[in-house]
Amino acid sequence: MEKTWWKRWGGVISLDSAVAHIPGVTISELADGGASIRIGDQPQLGDTHKGNTLETYRALGKVLNPLRNRHAVTTGMSVPGMRERDHPGLRAKWLDRFFPE
């Protein structure tokens with residue numbers, strides 16, 4: 001999480017409070033003054049065919065949406081099977097599903 005976002009939230013206490021209702025979310029304050037946000041022990045991609053629609057990710061997205069910079073997030077993101085050169089815009093589309101407009 002960028003420092004400017006962190007300041008808007010009021011630090012780790014405010015962010016912890018905002019996500020307290022979401023199971024499995026861990027907030028860690030970073031040495032440079034930023035924060036790391038995790039859900040669970042490892043990333044999940046979801047599987048709609050199996051009913052895994054990543055509701056915890058969506059809940060976190062609702063909390064973080066007002067602070068989101070849509071164009072900065074996907075630049076370095078790597079998602080298996082979604083190479084930007086093969087599927088332009090697919091990574092951004094995949095991530096957008098977690099952030100309601």
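The structure presented is a predicted model; accordingly, all values stated were derived computationally and were not measured.
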For Ser17, all residues meeting side chain to side chain donor-acceptor pair (under 3.5 Å), sequence neighbours excluded
none
Name all pairs fulfilling the salt bridge (Lys or Arg N to Asp or Glu O under 4.0 Å) condition that reach into residues 36-52, sequence neighbours left out, sorted by first residue then second.
none
CG-CD distance between Asp16 and Glu29, expressed to the nearest 0.5 angstrom:
9.5 Å
Sort and list the pairs that fulfil ring pair (Phe, Tyr, Trp, His ring centres under 6.0 Å) and have at least one residue in residues 18-54, not counting sequence neighbours.
none
Chi angles and distances behind the side chain to side chain contact (heavy atoms under 4.5 Å, CB included) call for Thr56, Val19
CA-CA 10 Å; Thr56 54; Val19 300; over 6 Å; no
Within this structure, what is the CD1-CG distance for the pair Ile39 and Leu60, rounded to the nearest 0.5 Å?
4.5 Å
Take Ile37 and Val25 through the test side chain to side chain contact (heavy atoms under 4.5 Å, CB included) and record every step on the way to the result.
CA-CA 7 Å; Ile37 304 170; Val25 174; 4.1 Å; yes
Write down the atom of Thr53, the atom of Thr48, and the distance for their closest heavy-atom approach.
CG2-CG2, 4.4 Å
All side-chain contact (heavy atoms from CB on, under 4.5 Å) counterparts of Gln44, not counting sequence neighbours
Gln42, Asn52, Leu54, Tyr57
